[in-house]
*Asks:* 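I have a structure I would like to understand better, so I am pasting it below and will then ask my questions one at a time.
This structure is a prediction, so every number in the text was calculated from the model and none was measured. The chain is numbered in sequence order, starting from 1.
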Amino acid sequence: MVVGLLLVMLFNLFNQPTARDHHIPFSDFLHQLDLGHVTDVTVQGRVLTGVFSDGNAFSTYTPEDPDLMRMLREKKVNITARPPEETPLLLTVLISWFPMLLLIGVWIFFMRQMQGGGGRGAMSFGKSKARVLSEQQSKVTFADVAGIDEAKEELQEIIEFLKNPQKFQRLGGKIPKGVLLIGPPGTGKTLLARAIAGEANVPFFNLSGSDFVEMFVGVGAARVRDMFEQGKKNAPCIIFIDEIDAVGRHRGAGLGGGHDEREQTLNQLLVEMDGFESNEGVILVAATNRPDVLDPALLRPGRFDRQVAVPNPDIRGRTQILLVHMAKLPLAESVDAEVIARGTPGFSGADLANLVNEAALGAAREEKQTVDMEDFETAKDKVMMGKPRKSAVISESERRMTAYHEAGHAIVASVIPGTDPVHKVTIIPRGRALGLTMQLPTEDRHTYSKQQLDDNIAILMGGRLAEEMVLGQMTTGAGNDIKRATDIAYNMVCQYGMSKRMGPLTYGHKEEEIFLGREITQHKNVSEETTRAIDQEIRSIIEVNHERAKQILTEKMSVLHDMATALLDRETLEADEVMRLVEGVPLAEALKPRAPPEAVKPEGDPQKKGPWDPQSPHGAGFSAVPPVDGDLSGGSDKR
């Protein structure tokens with residue numbers, strides 16, 4: 001088609017009259033002929049070219065005139081006759097068939113685009129975007145997955161079923177049609193899927209739930225059909241859909257109708273998984289961190305036969321995960337994965353991977369040959385609370401207020417028995433916090449007693465009380481403490497049934513997402529009298545624990561002053577220093593000596609300072625460990 005266009009352009013180019021030829025009307029030619037101004041002519045078909053007596057060339061197109069030759073002879077004009085030029089046969093055919101060839105070329109282009117493999121064509125709306133993982137692409141195996149042994153066992157059984165189905169079929173067992181991986185973000189759901197691809201010797205199709213979503217109704221359903229057709233052609237195989245909640249949410253959700261693209265896609269997915277036609281040998285593995293929003297029809301047995309929980313790892317799981325990631329690093333002999341795991345409760349697998357990477361980067365910045373425990377401690381602080389804001393300009397009055405605030409938290413947390421021990425206290429700004437008091441749980445905790453929640457409220461009240469008792473003022477720095485304490489007290493009364501006056505009842509309901517098909521209003525109405533009683537009970541809980549904290553700080557007033565002074569000097573106090581101060585050890589003896597900056601400066605870089613620089617207005621210090629995500633320990637004070 002392109003060659004034909006070029007030929008036509010060349011033909012038109014070479015058949016244009018020359019620049020010196022002057023085309024004139026035939027009547028003008030006859031007039032000049034009558035005057036005797038024409039000396040020479042060349043006749044080629046109906047094209048007549050010639051020269052006037054003044055030397056100017058001309059050309060004209062002649063009609064069929066039998067008297068023309070006679071007139072030329074009478075005027076004694078030199079006549080030259082040539083045969084007409086013949087257009088090449090190929091060019092003639094191309095010119096005549098050019099429109100048809102153009103239509104055929106356009107049709108072939110669109111058909112190839114619509115049939116583009118793997119949904120990569122410009123017009124392939126209905127083609128699945130699933131990608132097949134080859135053995136070279138997937139290097140992850142179950143040996144690279146740690147901390148979630150139960151989930152690995154569930155998936156290992158599926159792989160064994162694919163490799164040796166007779167082992168299960170001889171007893172009547174059937175291969176599961178679907179496996180749903182459920183867990184918080186970062187726990188390793190996608191990593192498990194990659195391990196399946198690395199372990200199974202069957203085709204593995206990988207795609208995301210958002211790959212089905214299009215602006216055209218019906219496109220997602222067509223892609224689901226195409227995906228399962230590809231699966232059946234390659235059976236036995238595994239199809240992995242990441243973030244399935246993008247397409248599997250409740251049907252009929254929201255205030256409007258349900259005839260939309262997402263619902264059509266979900267309906268087709270339900271039919272393909274368990275409809276009239278069976279998809280033998282096609283196993284669907286999906287992952288989500290929002291199982292509460294999935295449609296019930298998608299979760300029933302026969303579709304997702306297994307729901308595998310992938311929770312945050314416990315201390316043993318964290319140790320195993322750290323060992324997997326540490327295997328790639330040159331470690332110092334002092335590094336103990338179990339110690340690091342004990343200091344990172346609530347960390348997910350992704351958090352631990354980030355921790356190890358930050359430790360390696362920190363060691364590289366200091367030009368160390370190995371990664372030691374100090375690097376992991378610094379990395380843990382950075383991952384939990386962010387990088388210290390050493391450049392923040394804070395007035396001396398605010399530093400003093402922050403020091404007393406954090407000292408109040410630390411003293412109350414240290415005096416109340418049974419609370420998580422204080423790990424570190426700092427007045428170095430990190431993130432949005434001007435100061436931090438951190439408690440480190442000694443073990444993984446899944447439930448809390450009423451006494452523990454009361455203790456947490458008292459600890460939260462300690463910072464505000466210290467400001468009020470010593471400085472005689474209230475600041476906005478305690479806003480987050482008050483909010484968290486109020487939330488704990490509200491849940492104790494309305495959710496956990498921990499109030500004798502209100503009894504073991506649930507009052508009110510949590511906010512529900514109306515666009516997930518939930519209710520707009522609450523089912524159970526609470527009377528004004530009950531609401532008033534709830535408010536009084538919440539206030540009573542807060543006030544009782546407020547008085548507990550006040551009594552502790554009154555008894556430990558000298559300790560409060562010493563700890564605030566130490567924070568203003570050191571900016572960071574570690575656990576043993578806090579405990580010595582609380583036990584009444586004099587300030588000079590309670591603080592352990594620290595090396596001067598010159599002793600810890602890296603060689604060759606005078607700009608770098610040690611972990612504590614007395615000349616710095618804020619100091620480098622050490623961050624403290626924040627509480628577990630969802631932990632009600634009250635150890636974090638983000639001001």
*Asks:* Would a 4.5 Å heavy-atom cut-off, applied to side chains only, mark P184 and N289 as touching?
*Replies:*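 No; the side chains remain at least 4.5 Å from each other.
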*Asks:* Are the side chain of Q452 and the backbone N or O of S449 linked by a donor-acceptor pair below 3.5 Å?
*Replies:*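 Here the side-chain-to-backbone pair exists.
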*Asks:* Can you name the nearest heavy-atom pair linking I158 to P176, along with the distance?
*Replies:*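 Smallest interatomic distance, heavy atoms only, reads CG1-CG, 4.4 Å.
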*Asks:* With a cut-off of 6.0 Å (strictly less than), are more than 12 heavy atoms of other residues, nucleotides or ligands near CD of Q369?
*Replies:*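 Count not over threshold, so no.
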*Asks:* Taking the side chain as everything from C-beta on, heavy atoms only, tell me whether S334 gets closer than 4.5 Å to E374.
*Replies:*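 No, every pair of side-chain atoms sits at 4.5 Å or beyond.
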*Asks:* Kindly list each side-chain donor-acceptor pair under 3.5 angstrom involving residues 240-248, sequence neighbours excluded, with atom names and distances?
*Replies:*
residue, atom, partner, partner atom, Å
D242, OD2, T190, OG1, 3.1
D245, OD1, T288, OG1, 2.8

*Asks:* Has the side chain of D569 got a donor or acceptor atom that lies under 3.5 Å from a matching backbone atom of A566?
*Replies:*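 Judged by distance alone, no pair lies under 3.5 Å.
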*Asks:* Looking only at atom types and distance, does a side-chain atom of K189 sit under 3.5 Å from a main-chain N or O of V310, one as donor and one as acceptor?
*Replies:*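 Not a single qualifying donor-acceptor pair exists.
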*Asks:* Are more than 12 heavy atoms, taken from residues, nucleotides or ligands other than E547, located less than 6.0 Å from that residue's CD atom?
*Replies:*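 Atom CD in E547 is crowded, with more than 12 foreign heavy atoms closer than 6.0 Å.
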*Asks:* To the closest 0.5 Å, what do you measure between CG (L181) and CD1 (I148)?
*Replies:*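 Going from the CG atom of L181 to the CD1 atom of I148 covers 8.5 Å.
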*Asks:* Check whether any side-chain heavy atom of R306 lies under 4.5 Å from a side-chain heavy atom of L180, and answer yes or no.
*Replies:*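 They are not in contact (no side-chain heavy atoms under 4.5 Å apart), so the answer is no.
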*Asks:* Run the numbers on D375 and T378 for side chain to side chain donor-acceptor pair (under 3.5 Å), then give the verdict.
*Replies:* CA-CA 5 Å; D375 297 318; T378 305; 5.7 Å; no
*Asks:* For Q156 and F142, which heavy atoms make the closest approach, and how far apart are they?
*Replies:*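 Taking Q156 first and F142 second, the nearest heavy atoms are OE1-CD1, 3.0 Å.
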*Asks:* At what distance, to the nearest 0.5 angstrom, does OG1 of T344 lie from CD1 of I340?
*Replies:*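 Rounded to the nearest 0.5 Å, the OG1-CD1 separation comes out at 8.0 Å.
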*Asks:* Salt bridge or not for K483 and D481, using N-O below 4.0 Å?
*Replies:*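 No, K483 and D481 are not salt-bridged.
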*Asks:* Is there a donor-acceptor pair under 3.5 Å between the side chain of R342 and the backbone N or O of I315?
*Replies:*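 No: the side chain of R342 does not pair with the backbone of I315.
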*Asks:* Indicate the atoms forming the closest heavy-atom contact of G408 with L560, along with that distance.
*Replies:*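 The pair with the smallest heavy-atom distance is N-CD1, 3.8 Å.
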*Asks:* Charged N to carboxylate O below 4.0 Å: is that the case for R570 and E577?
*Replies:*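 Yes, R570 and E577 are salt-bridged.
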*Asks:* Are V335 and T370 close enough that some pair of their side-chain heavy atoms sits under 4.5 Å apart?
*Replies:*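 Of all side-chain heavy-atom pairs linking T370 with V335, none is under 4.5 Å.
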*Asks:* Do any N or O atoms from the side chain of T402 and from the backbone of L434 form a donor-acceptor pair under 3.5 angstrom?
*Replies:*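 Such a contact is absent between T402 side chain and L434 backbone.
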*Asks:* Which heavy atom in P313 sits nearest to a heavy atom in R318, and how many Å separate them?
*Replies:*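 Taking every non-hydrogen atom into account, O-NH1, 3.2 Å.
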*Asks:* Would you say that Q307 contacts P291 through its side chain, given a criterion of any heavy-atom pair below 4.5 Å between the two side chains?
*Replies:*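 Not in contact.
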*Asks:* Just by modelled atom types, is the T319 backbone N or O under 3.5 Å from a matching donor or acceptor in the E338 side chain?
*Replies:*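 No, the answer is negative, given that no donor and acceptor are paired below the 3.5 Å cut-off.
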*Asks:* Heavy-atom distance under 4.5 Å between the side chains of I416 and R548, does that happen here?
*Replies:*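 Touching, per the 4.5 Å side-chain cut-off.
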*Asks:* Can you give me the closest heavy-atom contact between A410 and V578, atom names plus distance?
*Replies:*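 Result for this residue pair: CB-CG1, 4.4 Å.
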*Asks:* Just verifying a value: how many Å separate E366 CD and D372 CG, rounded to the nearest 0.5 Å?
*Replies:*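 Interatomic distance, E366 CD to D372 CG, rounded to 0.5 Å: 9.5 Å.
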*Asks:* Strictly below 4.0 Å, N to O, side chains only: are R580 and E583 in salt-bridge contact?
*Replies:*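 Looking at E583 together with R580, the answer is no, because their closest N to O distance does not fall below 4.0 Å.
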*Asks:* Has T187 got a side-chain atom pairing as donor or acceptor with G183's backbone, closer than 3.5 angstrom?
*Replies:*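 The answer is no, because no donor-acceptor pair under 3.5 Å joins these two groups.
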*Asks:* Do L460 and N545 come within less than 4.5 Å of each other through their side chains, counting heavy atoms only?
*Replies:*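 The answer is no; the side chains never approach within 4.5 Å.
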*Asks:* Keeping the roles fixed (side chain from H409, backbone from I459), state whether a donor-acceptor pair exists under 3.5 Å.
*Replies:*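 Checking the backbone N and O of I459 against the side chain of H409, a donor-acceptor pair under 3.5 Å is found.
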*Asks:* Is the number of heavy atoms from other residues, nucleotides or ligands within 6.0 Å of NZ (K368) greater than 12?
*Replies:*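 Atom NZ in K368 is packed in, count exceeds 12.
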*Asks:* Do NZ/NE/NH1/NH2 and the carboxylate oxygens of K450 and D454 come within less than 4.0 Å?
*Replies:*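 Result for this pair is yes, salt bridge flagged.
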*Asks:* Would you say the side chain of E154 lies within less than 4.5 Å of the side chain of V179, judging by non-hydrogen atoms?
*Replies:*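 No - every pair of side-chain heavy atoms lies 4.5 Å or more apart.
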*Asks:* Rounded at 0.5 Å granularity, tell me how far CD1 in I283 sits from CD1 in I239.
*Replies:*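 Rounded to the nearest 0.5 Å, the CD1-CD1 separation comes out at 10.0 Å.
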*Asks:* What heavy-atom pair brings A403 and A564 nearest, and what distance separates the two atoms?
*Replies:*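 Scanning both residues, the minimum pair turns out to be CB-O, 3.8 Å.
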*Asks:* Just how far is it from atom CG of L453 to atom OH of Y448, taken to the nearest 0.5 Å?
*Replies:*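 Answer rounded to 0.5 Å: 8.5 Å.
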*Asks:* Going by salt bridge (charged side-chain N to carboxylate O under 4.0 Å, His left out), K424 matches just one of E574, E377, E406. Which one?
*Replies:*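 Answer to the salt bridge (charged side-chain N to carboxylate O under 4.0 Å, His left out) test with K424 among E574, E377, E406: E377.
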*Asks:* Give a yes or no on whether the backbone of Y404 and the side-chain of E467 come within a donor-acceptor separation of less than 3.5 Å.
*Replies:*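 Between the backbone of Y404 and the side chain of E467 there is no qualifying donor-acceptor contact (under 3.5 Å).
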*Asks:* When rounded to the nearest 0.5 angstrom, what distance separates OH in Y490 from CD1 in I542?
*Replies:*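 The OH atom of Y490 sits 14.0 Å away from the CD1 atom of I542.
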*Asks:* Given 3.5 Å as the limit, does a donor-acceptor pair link the side chain of K556 with the main chain of I411, or not?
*Replies:*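 No, K556 side chain to I411 backbone: no donor-acceptor pair under 3.5 Å.
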